[in-house]
Amino acid sequence: MGRDVPALTFTREDRRRYRIKMQECLEAFAQMLRESRFDAERPQVGLEIELNLVDDRAEPAMRNADVLEAIADPAWSTELGRFNLEINIPPRRLTAGGPDAWESEIRDALNHAEQRARSIGTHLIMTGILPTLRQEDVGEGALSENPRYRLLNDQIFAARGEDLHIEVTGIDRLRTYADTITPEAACTSTQFHLQVSPEQFADYWNAAQAIAGVQVALAANSPFLFGKELWHETRVPLFEQATDTRPEEFKAQGVRPRVWFGERWITSVFDLFEENLRYFPALLPLCDDQDPAETLLRGDIPELAELTLHNGTIYRWNRPVYAVAHDKPHVRVENRVLPAGPTVADTLANGAFYYGLTRALVEEDRPVWSRMSFSAAEDNLRTAARYGIDARLYWPGMGEVPAAELVLRRLLPLAHRGLERSGMDEAWREPLLGVIEQRCVTGRNGAVWQKEMFHHIDATAHCGRHEALRRMTQQYIDFMHLNAPVHTWPVD
């Protein structure tokens with residue numbers, strides 16, 4: 001969905017043509033895979049961060065167009081809600097310049113944006129769900145102005161034929177209905193990209209799926225929604241429900257959801273794009289003029305516009321990406337399970353753990369996905385979203401164990417090994433993975449801090465629930481700017 005689309009309505013002819021073009025794109029993609037046309041010599045990593053906008057009182061600020069104009073940087077773009085922005089950090093080699101260079105680049109970009117936002121009375125916050133967000137903040141008027149969001153909203157509700165039902169039960173219970181997809185804008189994430197060769201894609205995707213639950217357990221940061229205390233990573237069930245095109249009858253028939261973990265380990269990147277066409281009708285049947293077969297025939301690289309647009313409306317937690325950069329095609333894994341924040345330091349630690357661990361798992365003699373059922377990996381994600389760092393997760397050879405124990409005993413050494421093999425020396429690895437280690441030792445991540453701080457304020461100030469959430473959010477923003485990892489944040 002990363003490109004603008006016009007405001008229009010679709011005909012049956014549009015959908016027929018789009019189906020044909022998607023099949024042509026898939027055939028061209030298969031030919032490119034057979035002929036090894038992909039760039040894989042200097043693989044890069046990338047990062048996208050979604051953020052919320054707040055005013056001076058830490059309440060949602062519906063001003064993303066104004067802030068975007070003030071920032072005036074093409075790396076920044078709008079997101080679904082008027083209180084959202086996204087930054088796309090330029091891709092780089094994992095070890096280029098060391099982690100300090102990447103951290104400085106990210107912090108400089110965020111600090112510049114914060115400075116420009118502050119000039120018009122707004123502020124940026126990195127968190128999975130903005131704690132001060134109320135249900136009345138996510139009505140139709142909160143949709144960003146870009147026509148693609150209105151079009152996507154209309155197509156999802158046309159497919160559903162009824163309002164969205166959102167229900168999450170944690171400490172509190174949330175049960176509500178929505179007549180727009182804007183509640184999905186409450187979900188703000190960190191997305192790690194990893195370019196790989198087509199031959200290695202399946203292994204890296206399988207590895208990413210296997211550790212998705214562990215990632216969420218370590219980095220949960222979304223315990224509140226609409227004033228309710230729900231799951232540690234409430235963003236997971238909210239995202240699943242807020243973009244669901246299926247009425248209840250379709251769910252009962254086994255129709256796949258568009259926010260999807262998947263249902264099997266794969267053997268090729270082709271499997272995922274083929275599933276996209278097999279299982280999911282087009283939401284935005286917009287056809288490009290380029291003929292992919294003719295483009296290949298004359299020796300050029302096709303954009304595969306229909307295939308990539310369709311892929312952008314299927315929200316896998318680990319999504320395949322096809323792209324063309326500098327006239328060379330590549331594929332990458334887009335890891336989408338993590339919330340934003342709390343700090344840049346935490347974000348880079350999460351990235352180091354993900355990149356190191358996936359490489360180590362891919363290079364094992366007996367891959368973890370050959371010893372673990374796919375459903376166990378999916379269950380881990382669900383359990384981690386609900387219980388966060390307190391979750392008990394399944395891992396082959398260990399059974400069901402506390403997430404922190406699994407990481408400390410088994411996975412952290414593997415992450416070190418993977419980073420070492422990627423060329424990152426110990427002096428770089430230790431500070432990054434040390435953050436992960438200390439999260440496990442202290443049992444504190446963003447969700448734990450938010451919950452503890454909220455209850456502390458609520459018990460001592462007797463100021464009411466929303467005011468306690470507001471004060472907690474202001475404190476969160478202060479600590480976020482200090483860039484000390486969240487496990488060090490005090491509660492007082």
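For the pair W428/L419, no side-chain contact is recorded, criterion being any heavy-atom separation below 4.5 Å from C-beta on. For the pair P285/R16, no side-chain contact is recorded, criterion being any heavy-atom separation below 4.5 Å from C-beta on. Put simply, the side chain of L286 reaches to within 4.5 Å of the side chain of F10, judged on heavy atoms. The side-chain heavy atoms of D203 and W369, taken from C-beta on, include a pair separated by under 4.5 Å. Taking the side chain as every heavy atom from C-beta outward, F83 and V138 approach each other to under 4.5 Å. The closest side-chain heavy-atom distance from H416 to E420 is not below 4.5 Å. Contact annotation: the side chain of V269 approaches that of F273 to within less than 4.5 Å [non-hydrogen atoms, C-beta and beyond]. The side-chain heavy atoms of L283 and L152, taken from C-beta on, include a pair separated by under 4.5 Å.
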Determine, step by step, whether L51 and L110 satisfy the side chain to side chain contact (heavy atoms under 4.5 Å, CB included) criterion, reporting the C-alpha distance in whole Å, the side-chain angles of both residues, the deciding distance to 0.1 Å, and the verdict.
CA-CA 10 Å; L51 303 99; L110 294 176; 4.1 Å; yes
Evaluate F38 against E199 for side chain to side chain contact (heavy atoms under 4.5 Å, CB included), listing each step before the verdict.
CA-CA 10 Å; F38 289 84; E199 294 77 18; over 6 Å; no
Just do the side chain to side chain contact (heavy atoms under 4.5 Å, CB included) check on D271 and R264 with the steps written out, would you?
CA-CA 10 Å; D271 295 349; R264 63 189 175 105; 3.6 Å; yes
Please walk me through it: do V333 and T358 pass side chain to side chain contact (heavy atoms under 4.5 Å, CB included)?
CA-CA 11 Å; V333 179; T358 51; over 6 Å; no
Result block: side-chain N/O donor-acceptor pairs under 3.5 angstrom for residues 204-215, not counting sequence neighbours:
residue, atom, partner, partner atom, Å
W205, NE1, N318, O, 2.7
N206, OD1, I266, N, 3.1
N206, ND2, A202, O, 3.2
N206, ND2, I266, O, 3.1
Q209, OE1, N318, ND2, 2.8
Q209, NE2, F261, O, 2.6
Q215, OE1, N335, ND2, 3.1
Q215, NE2, N335, OD1, 2.9

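Residues meeting the side chain to side chain donor-acceptor pair (under 3.5 Å) test with N84, sequence neighbours left out: N52. Remark: Y354 pairs with no residue by the ring-ring contact (aromatic ring centres under 6.0 Å, His included) rule, at least two apart or across chains. By the ring-ring contact (aromatic ring centres under 6.0 Å, His included) test, W317 is found to be paired with F239, residues two or more places apart in sequence or in another chain being considered. Considering only residues two or more places apart in sequence or on other chains, R316 meets the side chain to side chain donor-acceptor pair (under 3.5 Å) condition with E275, N276. With sequence neighbours left out, R82 forms a side chain to side chain donor-acceptor pair (under 3.5 Å) with E145. Evaluation of the salt bridge (Lys or Arg N to Asp or Glu O under 4.0 Å) rule for R256 yields E263 as partners, not counting sequence neighbours. With sequence neighbours left out, the ring-ring contact (aromatic ring centres under 6.0 Å, His included) criterion links Y322 to F29. Residues passing the ring-ring contact (aromatic ring centres under 6.0 Å, His included) test with Y394, sequence neighbours excluded: none. For S77, there are no side chain to side chain donor-acceptor pair (under 3.5 Å) partners two or more places apart in sequence or in a different chain.
Salt-bridge formation is detected for the pair E114/R118: a Lys NZ or Arg NE/NH1/NH2 atom is positioned less than 4.0 Å from an Asp or Glu carboxylate oxygen. Taking the charged nitrogens against the carboxylate oxygens, D244 and K251 do have a contact shorter than 4.0 Å, which makes a salt bridge.
For S144 and N64, the side-chain atoms include at least one donor-acceptor pair closer than 3.5 Å. Side-chain contact annotation: D379 with T383, donor-acceptor N/O pair under 3.5 Å absent. Counting only N and O atoms by type, the side chains of T308 and N311 include no donor and acceptor under 3.5 Å apart. Between the side chains of Q191 and S189, at least one donor-acceptor pair of N or O atoms lies under 3.5 Å.
Closest non-hydrogen pair, M480 versus L124, comes out as CE-O, 3.3 Å. The shortest heavy-atom contact between A217 and A384 is N-CB, 3.6 Å. Among all heavy-atom pairs drawn from Q44 and R93, the shortest one is CG-N, 4.3 Å. Taking each heavy atom of T190 and P339 in turn, the nearest pair found is OG1-O, 3.1 Å. Taking each heavy atom of L218 and R439 in turn, the nearest pair found is O-NH1, 3.2 Å. Contact record, W76 with A109: CZ2-O, 3.9 Å, taken as the closest heavy-atom pair.
Here the CD1-OG1 distance, from I181 to T245, works out to 11.5 Å after rounding to the nearest 0.5 Å. The line from OH of Y149 to CG of L80 is 7.0 Å long, rounded to the nearest 0.5 Å. Going from atom CZ of R410 over to atom CG of L357 covers 11.5 Å, rounded to the nearest 0.5 Å. In this structure, CD1 on I156 lies 10.0 Å from CG on L151, to the nearest 0.5 angstrom. We find the CG-CD1 distance between N111 and I106 to be 11.5 Å, quoted to the nearest 0.5 Å. The CD atom of Q155 lies 12.5 Å from the CZ atom of R150; values are rounded to the nearest 0.5 Å.
Pairs passing the salt bridge (Lys or Arg N to Asp or Glu O under 4.0 Å) check and including a residue from residues 276-285, sequence neighbours excluded, read E274-R278. Listed by first then second residue, pairs satisfying salt bridge (Lys or Arg N to Asp or Glu O under 4.0 Å) with a partner in residues 289-303 read R298-D300, not counting sequence neighbours.
Remark: E69 CD is loosely packed, at most 12 non-hydrogen atoms of other residues, nucleotides or ligands lying under 6.0 Å away. Few gaps surround CD on E35; more than 12 heavy atoms of other groups in view lie less than 6.0 Å from it. Residue R19 places its CZ atom among 12 or fewer non-hydrogen atoms of other residues, nucleotides or ligands, all under 6.0 Å distant. Within 6.0 Å of CZ in F250 there are 12 or fewer heavy atoms belonging to other residues, nucleotides or ligands. At most 12 heavy atoms of other shown residues, nucleotides or ligands fall within 6.0 angstrom of atom CG in D327.
Partner of H193 under the side chain to side chain donor-acceptor pair (under 3.5 Å) criterion, chosen from E48, R319, R336: E48.
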